*Asks:* 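Have a look at this one before I ask anything.
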Amino acid sequence: MSTQSPSRPVVAAHGWVQALLVVLATAVAMGVVAALGLWAAGAADLPDGAFPRVVAATVVTAVGGTVELTGSAGGLAESDAELTVIPLSVTVAGALVLAAGFLRPLRHRAVAGAAELAGWAGRIGVLWVLALLALSFGARQTFTLSLSDLGEDALGDLGDLFGIEPKVGFTTDVGLTVVFGTLWLLGMLALALLVARGAPLPAGLLRFQESVRPAAYAMVMLLLAYVALGFVIGLVVAATRGHVPETFAVLLLGLPNLVWLALTIGLGATWNGRVEGPFGLPMPHVLDEVLRGQDVSEVNLRTLAEQDGRVWWLLVVDAVLLLAAAVVMARRSPARVRPWQHAVHMAVALALTVLMICLVGRISARYGLSILGIGDLGGGLSGELFLRPRIWTALGLALLWGLVMGFLGGLLAVRLRHRGEVPTASGGAAGP
């Protein structure tokens, strides 16, 4: 008998050098996307060479870090500033590069030990923390504003009289940035293992892959499909309606913010929001119109359709893409999984996806200035923008849509071949 052992695939190395390359590639990808988006938005003209610092701050916020706005206006005046928004285009770019780099050494394998995966992720994590520290200390800047430049001549004279020079700036909460940035990293690595069919798992987790992996993959493909569709629409808008720099700024900084918001609205969800003062939403215009009012506005299919009837197409797009995602999920599941089980898997996965959108899609911005104790002065000197979801309603609708589409997708996929399964003599199917 031959004692030759079966050939084993060559496993790519995943040491410190490879981890450094993954971290650098992720940071560079996010920095490039952020820089291009900010450049299109006109941030390259900021004074005092602030552009690199603004890019660093954008990358920090993209991974969940905390950038705090600061303000001062001298002894006779007070200023207040607040900004909470995640540039999800930058986030998605970094997540894709990170996942590809993390999974590359693990390909062509079915099982990997927990210690091996933890060691590989740990090396990336240590270097990622160092990158976060560098970005955090680099994301600091202060700007001086002129009241006259804001279009308020009388206030400009008042500012000159009392020596008032409003200043706004930003700084980074280093501790929170490291914590949330590390959690983002761990979440993206775990999601990469869940989504990638060829990624190895520890033996103890293999029993969960049949129920979790197909649903996770379908949801990621759904989110990326919305991003791709939004990108195409953005290119068409830029080519036909002008405003090319502004459009590309939105595409490169906040495209997922808009298209994933559209996904939830197509499901029937409602967001509450308001726009007041100089703040605005560059695209689409119909959203800015609904939000700009005296009171808190509701953003849903009904209110948006009052401004533009084409908004009802969001309902159709949701139905088509969700059904496609359900079919993909069913095809990647074993044939023995019943349609009602597909429905449950889809409902849970879609609810978690909508919860993620509700958490990362919130927007809050405010700037106010008061002089001699006279409240917010209005005009170009104060403004407010916020957008937040009704989470429980959105989750309930996601569960309902998931149940219906998951069941229909399971029925449609019954006659489709399931990858990795071979029919048995009795007509059943053997698992992979």
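Please read these numbers as outputs of a predicted model, since none were measured by experiment.
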*Asks:* When you measure from the side chain of T177 to the backbone of T66, do you find a donor-acceptor pair of N or O atoms at a distance under 3.5 Å?
*Replies:* yes
*Asks:* Considering non-hydrogen atoms only, spot the tightest contact between L252 and V90 and give its length.
*Replies:* O-CG2, 4.0 Å
*Asks:* Can you tell me how far apart OH (Y226) and CH2 (W260) are? Round to the nearest 0.5 Å.
*Replies:* 12.5 Å
*Asks:* Can you check side chain to side chain contact (heavy atoms under 4.5 Å, CB included) on V85 and T61, steps first, answer last?
*Replies:* CA-CA 7 Å; V85 63; T61 57; over 6 Å; no
*Asks:* Would a 4.5 Å heavy-atom cut-off, applied to side chains only, mark V259 and I233 as touching?
*Replies:* no
*Asks:* Looking only at non-hydrogen atoms, find the nearest pair between A349 and A215 and report the distance.
*Replies:* CB-CB, 3.8 Å
*Asks:* Do Q341 and V344 come close enough that some side-chain heavy atom pair is under 4.5 Å?
*Replies:* no
*Asks:* With rounding to the nearest 0.5 angstrom, report the CG to CG distance, D318 to L321.
*Replies:* 7.5 Å
*Asks:* Between atom CG of L132 and atom CZ of F137, what is the distance when rounded to the nearest 0.5 Å?
*Replies:* 11.5 Å
*Asks:* Would you call L185 and V129 a side-chain contact if the rule is heavy atoms closer than 4.5 Å?
*Replies:* no
*Asks:* I want to check something: taking the side chain as every heavy atom from C-beta on, are V92 and V33 in contact at a cut-off of under 4.5 Å?
*Replies:* no
*Asks:* Around W16, counting heavy atoms of other residues, nucleotides and ligands shown, do more than 12 lie under 6.0 Å from its CH2?
*Replies:* yes
*Asks:* Checking the side chain of Q307 only, and the main-chain atoms of L304 only, is there a donor and an acceptor separated by less than 3.5 Å?
*Replies:* no
*Asks:* Looking only at side-chain N and O atoms, does W184 offer a donor or acceptor that is under 3.5 Å from a partner on T91?
*Replies:* no
*Asks:* Please give me the minimum heavy-atom distance between A249 and A40, naming the atom from each residue.
*Replies:* N-CB, 3.8 Å
*Asks:* Run L223 and M356 through side chain to side chain contact (heavy atoms under 4.5 Å, CB included) and show every step you take.
*Replies:* CA-CA 11 Å; L223 294 177; M356 180 275 296; 3.6 Å; yes
*Asks:* Any side-chain heavy-atom pair from T26 and I124 closer than 4.5 angstrom?
*Replies:* no
*Asks:* Decide yes or no on side chain to side chain contact (heavy atoms under 4.5 Å, CB included) for M30 and V63, but give the supporting numbers first.
*Replies:* CA-CA 10 Å; M30 300 180 76; V63 298; 3.4 Å; yes
*Asks:* What are the two closest heavy atoms between S89 and L251, and how far apart are they?
*Replies:* OG-O, 2.8 Å
*Asks:* Within this structure, what is the CG-OG1 distance for the pair L395 and T264, rounded to the nearest 0.5 Å?
*Replies:* 11.0 Å
*Asks:* Start with the C-alpha distance between T270 and T393, add both sets of side-chain angles, then the distance that settles side chain to side chain contact (heavy atoms under 4.5 Å, CB included), and finish with yes or no.
*Replies:* CA-CA 8 Å; T270 296; T393 302; 5.7 Å; no
*Asks:* Taking the side chain as every heavy atom from C-beta outward, state whether L235 and F248 have any atom pair closer than 4.5 Å.
*Replies:* yes
*Asks:* Could you tell me whether a side-chain N or O of R213 sits under 3.5 Å from a main-chain N or O of L193, the two making a donor and an acceptor?
*Replies:* yes
*Asks:* Judged by atom type as modelled, is there a donor-acceptor pair below 3.5 Å linking the side chain of T303 to the main-chain atoms of E298?
*Replies:* yes
*Asks:* Decide yes or no for L322 and M346: does some side-chain heavy atom of the first lie under 4.5 Å from some side-chain heavy atom of the second?
*Replies:* yes
*Asks:* Please give me the minimum heavy-atom distance between L314 and A262, naming the atom from each residue.
*Replies:* CD2-CB, 3.9 Å
*Asks:* With side chains defined as the heavy atoms from C-beta onward, is the minimum distance between L261 and N257 less than 4.5 Å?
*Replies:* no
*Asks:* Please round to the nearest 0.5 Å and tell me the distance separating atom CD1 of I265 and atom CG of L315.
*Replies:* 12.5 Å
*Asks:* Between T247 and A238 (side chain of the first, backbone of the second, donor and acceptor by atom type, cut-off under 3.5 Å), is there such a pair?
*Replies:* no
*Asks:* What's the shortest heavy-atom distance between A99 and A192, and which atoms?
*Replies:* CB-CB, 3.8 Å
*Asks:* Which value, rounded to the nearest 0.5 Å, describes the distance between L263 atom CG and L258 atom CG?
*Replies:* 13.0 Å
*Asks:* Examine distances only and state if a side-chain atom of S297 and a backbone atom of V290 form a donor-acceptor pair shorter than 3.5 Å.
*Replies:* yes
*Asks:* Within the side chain of W120, is there an N or O that forms a donor-acceptor pair under 3.5 Å with the backbone of F102?
*Replies:* yes
